[in-house]
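Remember, it's 1-based here, ligands and their atoms both numbered in the order they're listed.
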Amino acid sequence: KVDKEDVKKSIPRSSLTMANFHPDFDKFVYPPRLLENNLKIKACIWMYEDLGLISKFHIPMRTLVHFMLMVRKGYRDPPYHNFDHAFSVMHHAYLIAKNLQLNSKLSDLEVIALLTASICHDLDHRGTNNAFQVNSHSVLASLYSSEGSVLERHHFAQAMCILNTSGCNIFENMSRKEYVRTLDLVKHIILATDVASHLQILPQLEKIVEEGMDLTNTCQRELLLALCMTACDLSDQTKQWETTKNTAKLIYKEFFSQGDMEKRMGNNPEIIHDRERACVPQLQINFMLHIAQPVYRILAALFPVYGEVYQRVQLNIGRWRRVEKEFKSRGLPNTDSLDFLT
Ligand SMILES: Cc1nc2ccc(C(=O)NCC(C)C)cc2n2c(-c3cc(OC(C)(C)C)ccc3Cl)nnc12
Ligand SMILES: [Mg+2]
Ligand SMILES: [Zn+2]
């Protein structure tokens, strides 16, 4: 485990170059899950640096290091919703900011809000979904179930706790106005990662594609930020098949553990959480077609350079269709045969 001293020693400004990570680090093809764990904090700091955010917002290096160490500590270790997921989500935010030249469409404030929301968006996730919080009468449900988006409100609250920890407030040198606006944006962007909210804004996003985006309109800027955030949250689907397949294994490991717990509590789990009823390839095709593909189609429609990302999502859907046929032909009953996945 890399501790504070190692991280601080190893980050003089001069050492912050992309060469430390990979020549393709800032390309859409690069899979961030391949980066070795003890370089991830340094890579997070590099991403702020490379987008010019450290100098723009006068972020002291020691503050950014402490912030990142606290964020990493703020994640638990469920199969999927852990710091590796947060890191890969932040990396995609960096790719979008850099390759879509978002800073010519959005303000630096909106870019730093997207990057920071990405690394914080699943803080303290327990590996169970919103419905489980409510059905199990969890503490989080008692806190937030009246407003909905129970987990996402908690992830945001955890991010605020870290910013309020002395020596960790990376926004401390902003003006009062900038500070308030940035926190509002981080909250909006994290709350956009609730599946229910995402499904609700899809029609509005389709409308923007038909009518053209008007970035002088604050609501449309916030819709674009929500779209970018869900594209980042799902970005494992935009990489080579290995990544997509491995992510499915992690997701269903988490989903089926929740289903097992629900059965022990005497509740009937959704099919997607039930290892005895779920057919992973079919569920993944549904998820890709109804939740993931629209995100990348819309973003590619708004930013043509993003077309290569949409193509890779299409390729992965094609792979799932081939796997589904294979599953059916072998009559494989359930998910433990995921290892069978070619
Ligand atoms: C590979 C992959 N398969 C998934 C299959 C099903 C579901 C799911 O929630 N189905 C139940 C709904 C339809 C009632 C989510 C999946 N998923 C996510 C994910 C995305 C999330 O939020 C946004 C980004 C806003 C969609 C929030 C939580 C999660 Cl786990 N990330 N990767 C995946
Ligand atoms: Mg989440
Ligand atoms: Zn997430």
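Within the protein, the number of N/O/S atoms found under 2.8 Å from the Zn ion (ligand 3) is 4.
No side-chain donor-acceptor contact under 3.5 Å links D124 and Y75. A donor and an acceptor atom, one from each side chain of S145 and Q133, are nowhere located under 3.5 Å apart. In summary, the side chains of D236 and H85 do not present any donor paired with an acceptor at a separation below 3.5 Å, with no hydrogens or angles considered. Side-chain contact of E262 with N268: a donor-acceptor pair under 3.5 Å is absent, judged by distance alone.
Under the 3.5 Å distance criterion, the side-chain polar atoms of K239 are matched with a main-chain donor or acceptor of F28. Q220 places a side-chain N or O within donor-acceptor distance of the main-chain N or O of D214, the cut-off being under 3.5 Å. In this structure, S329 contributes its side chain and E326 its backbone to a donor-acceptor pair below 3.5 Å.
Atoms of the protein (N, O or S only) found under 2.8 Å from the Mg ion (ligand 2) are D122 OD1.
Protein residues with a heavy atom closer than 4.0 Å to ligand 1 are Y80, H81, T193, V195, H198, T230, D233, L234, Q237, I251, F255, I272, Q284, F287, I291, listed by chain and number.
Aromatic ring pairs are classed by plane angle as parallel below 30°, tilted from 30° to 60° and perpendicular above 60°; the pair H92 and Y306 is perpendicular. The aromatic rings of F25 and H91 lie perpendicular to each other, with more than 60° between the two planes, well past the 30° mark.
Of the charged side-chain nitrogens involved, at least one lies within less than 4.0 Å of a carboxylate oxygen, so that K263 and E276 count as a salt-bridged pair. Residues E147 and K187 are not paired through a salt bridge, judged by the lack of any N-O separation under 4.0 Å between the basic side chain and the carboxylate.
If you look at H273 and F256, their ring centroids are not closer than 6.0 Å.
Applying the under-4.5 Å side-chain rule to Ile, Leu, Val, Met, Phe, Trp and Tyr, the cluster around M265 extends to F132, M261.
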